[in-house]
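Please find one structure pasted underneath; my questions will follow.
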Amino acid sequence: MQPWSSVPVPRVPGAPRPLRLYDTASGEVRPTSPGQVAKLYVCGITPYDATHLGHASTYLAFDLVHRIWLDNGHEVHYVQNVTDIDDPLLERAQRDNQDWVVLGLRETALFREDMEALRVVPPRDYVGAVAAIPEIIEAVGKLLASGAAYRLDDEYPDIYFDHTATGRFGYESNYDEQTMLRFFAERGGDPDRPGKRHPLDALLWRVARDGEPSWDGELGPGRPGWHIECTAIAVNRLGGTIDVQGGGSDLIFPHHEFSAAHAEQLTGQAPFARHYSHSGMIGLDGEKMSKSKGNLVFVSKLRADKVDSMAVRLALLADHYRSDRSWTAELLATAENRLSRWREAVSLPAGPAAESLVERLRDHLSDDLDTPRALAAVDGWVAEALTRRGGDTAAPALVRDAVDALLGIAL
Ligand SMILES: Nc1ncnc2c1ncn2[C@@H]1O[C@H](COS(=O)(=O)NC(=O)[C@@H](N)CS)[C@@H](O)[C@H]1O
Ligand SMILES: [Zn+2]
């Protein structure tokens, strides 16, 4: 699947700062330690209702991770999937009397446009679950052979993963069993399925049902479970140990717990990711923005209403990525105002010296993506430039390049 088109990231003079990032598994902010090639896996969309501001805020958070690693001179091997086959997509296609393939393609195309408008640097590998089915079948076959997976012996012999297989299950989320069961049921799990060894065991392969799409292969006709899709796509392109697995906090459990357990069982390497990184939920007027609630604000709608995508990006970066927060009209208005002041200041022929601003930008962003402080630092320079002016003729261009490279905002 074609990723969206790339965006140039300017080089910024001065010393970069190594990224420190909160890790859900350890519960602390720790330095990332990528090699020359940083390995980033961020879960992609299930292609319907794309791209709402919740999606956008999550991909913006990991765009900052990407940009800080680039600033530190790393190459970044970024992989993202598209869950273009799964129950929620089939249900939505059914509801709207749509062909599920057409729905997925159309929404994925819209998502790409929105990512380009928000100037998100694209993944090197952008892989649909359907395209990855041969890899998924191979992975499930290995899990069966290792005894970590088993077939039910009822009318539909679906294949499940024994969640106790690695002996480390739960280290990523740190949730107790009660919490796990609740989230498992709420987020696509089937704890009550009779015949499973344990309610928490997760589906790897769903044997074909009448009227459902299915794919043939060594497992017999069927379709993939959710978590195994991300495991196969990530492990086959990035190997058994990656630097960051990213997503919104609703992916902490079951999705990232099982993606990790499946990967560790397949590769024998643990932990699967050195950082499990999760962004907070964007809500609308206090309610989480979600497909089920239907309270969605779309990037494409704002764009159609002639809202500057850079103002949308700036609004979503105004609060800390890990905080649950709401999208409001004043959040956007504040960002529009900020954007025009920043643009005014960098179009001046000169300004206050900006080297220390660039240092503070790097300090704040490398400190668990502290965008509130980073934006405030730019505000400070802008306020000075617009009042006292300043005589450094190189400063405006330096600020423009730093804000572009590190925040992704084109002034
Ligand atoms: N309201 C929200 N606020 C922040 N992030 C959100 C919100 N809703 C969804 N997301 C994030 O957006 C990404 C895509 O969500 S999704 O379309 O439901 N798709 C999936 O979660 C799966 N395809 C991942 S493999 C996920 O990382 C999810 O956590
Ligand atoms: Zn995923």
Side-chain angles (χ1 to χ4, degrees), residues 6-21 31-32 38 57 60-76 116-121 307-321 330-411:
S6 192
V7 59
V9 179
R11 294 193 54 68
V12 180
R17 295 283 186 288
L19 173 63
R20 300 171 64 253
L21 195 63
T32 64
S57 72
L60 286 177
F62 296 101
D63 191 49
L64 296 183
V65 169
H66 193 157
R67 290 169 177 274
I68 296 167
W69 277 341
L70 292 173
D71 188 45
N72 276 268
H74 296 285
E75 261 181 79
V76 181
E116 285 170 10
L118 291 173
R119 301 181 84 248
V120 172
V121 181
V307 173
D308 188 330
S309 304
M310 290 298 96
V312 176
R313 180 165 180 134
L314 203 47
L316 290 171
L317 294 179
D319 296 299
H320 194 252
Y321 79 101
E330 53 267 22
L331 187 78
L332 178 58
T334 305
E336 286 171 329
N337 181 281
R338 190 174 226 159
L339 183 63
S340 64
R341 282 169 57 80
W342 288 15
R343 281 181 169 150
E344 194 189 338
V346 298
S347 57
L348 290 171
E355 284 71 14
S356 61
L357 164 64
V358 175
E359 278 182 27
R360 274 174 291 141
L361 254 183
R362 282 173 159 142
D363 283 344
H364 297 319
L365 289 173
S366 62
D367 178 13
D368 193 31
L369 310 181
D370 187 344
T371 50
R373 283 199 179 83
L375 302 193
V378 179
D379 287 340
W381 182 86
V382 163
E384 235 193 293
L386 294 178
T387 51
R388 215 178 46 72
R389 294 279 177 251
D392 183 331
T393 53
L398 175 57
V399 174
R400 188 178 46 245
D401 285 351
V403 164
D404 180 351
L406 300 173
L407 288 169
I409 305 272
L411 292 182

message: Between Asp319 and Leu331, is there a side-chain heavy-atom distance shorter than 4.5 Å?
response: yes
- prompt: Between Ala354 and Val399, which heavy-atom pair has the shortest distance, and what is it?
  reply: CB-CG2, 3.5 Å
- prompt: How many angstroms lie between atom CG of Leu369 and atom CG of Leu317, to the nearest 0.5 angstrom?
  reply: 9.5 Å
message: I need the Thr334 OG1 to Leu375 CG distance, nearest 0.5 Å.
response: 11.5 Å
- prompt: Between Leu361 and Val378, is any pair of side-chain heavy atoms under 4.5 Å apart?
  reply: yes
query: Is the backbone of Val120 close enough, under 3.5 Å, to the side chain of Asp63 for a donor and an acceptor to pair up by distance?
result: no
- prompt: Of all heavy-atom pairs between Ala350 and Gly391, which one has the smallest distance, and what is that distance?
  reply: CB-C, 3.8 Å
query: Got a salt bridge between Arg400 and Asp404, using NZ or NE/NH1/NH2 to carboxylate O under 4.0 Å?
result: no
message: For a 4.5 angstrom cut-off between non-hydrogen side-chain atoms, does Pro352 reach Arg388?
response: yes
query: What closest approach, in Å, do Val12 and Arg362 show between heavy atoms, and which atom pair accounts for it?
result: O-NH2, 2.9 Å
Heavy-atom side-chain contact between Leu348 and Leu386 under 4.5 Å: yes
query: Going by heavy atoms in the side chains, are Leu314 and Trp342 under 4.5 Å from each other?
result: yes
message: I need the Arg360 CZ to Leu365 CG distance, nearest 0.5 Å.
response: 12.5 Å
task: Indicate yes or no: does Asp370 engage Arg373 in a salt bridge with an N to O separation below 4.0 Å.
output: yes
field: Rounded distance [0.5 Å steps], CG in Leu19 versus NE2 in His74
entry: 9.0 Å
- prompt: How far does CG of Asp367 sit from OG1 of Thr371, to the nearest 0.5 angstrom?
  reply: 11.0 Å
message: Testing Asp368, Leu64, Val65 one by one against Tyr321 for a side-chain contact (heavy atoms from CB on, under 4.5 Å), which residue passes?
response: Asp368
- request: With rounding to the nearest 0.5 Å, note down the distance linking CG in Asp379 to CG in Leu357.
  value: 10.0 Å
- request: Please report the C-alpha distance between Asp308 and Glu336 in whole Å, then the side-chain angles of each, then the deciding distance to 0.1 Å, and finally whether the side-chain contact (heavy atoms from CB on, under 4.5 Å) criterion is met.
  value: CA-CA 8 Å; Asp308 188 330; Glu336 286 171 329; 6.0 Å; no
message: What I want to find out is whether Arg17 reaches Asp71 closely enough, with some N-O distance under 4.0 Å, to be called a salt bridge.
response: no
field: Side chains of Trp69 and Thr32 in contact at under 4.5 Å (non-hydrogen atoms)
entry: yes
message: Ignoring hydrogens, what is the shortest heavy-atom contact between Glu355 and Asp392? Give both atom names and the distance.
response: OE1-OD2, 4.3 Å
- prompt: side-chain contact (heavy atoms from CB on, under 4.5 Å) with Leu339: which of Met310, Arg313, Glu344?
  reply: Met310
task: Give the minimum heavy-atom separation between Ala335 and Ala311, together with the two atoms involved.
output: CB-O, 3.4 Å
message: Show the nearest heavy-atom pair for residues Gly408 and Arg67, with the distance to one decimal.
response: CA-CZ, 3.4 Å
query: Taking the side chain as C-beta and beyond, is there a heavy-atom pair between Val403 and Trp381 under 4.5 Å?
result: no
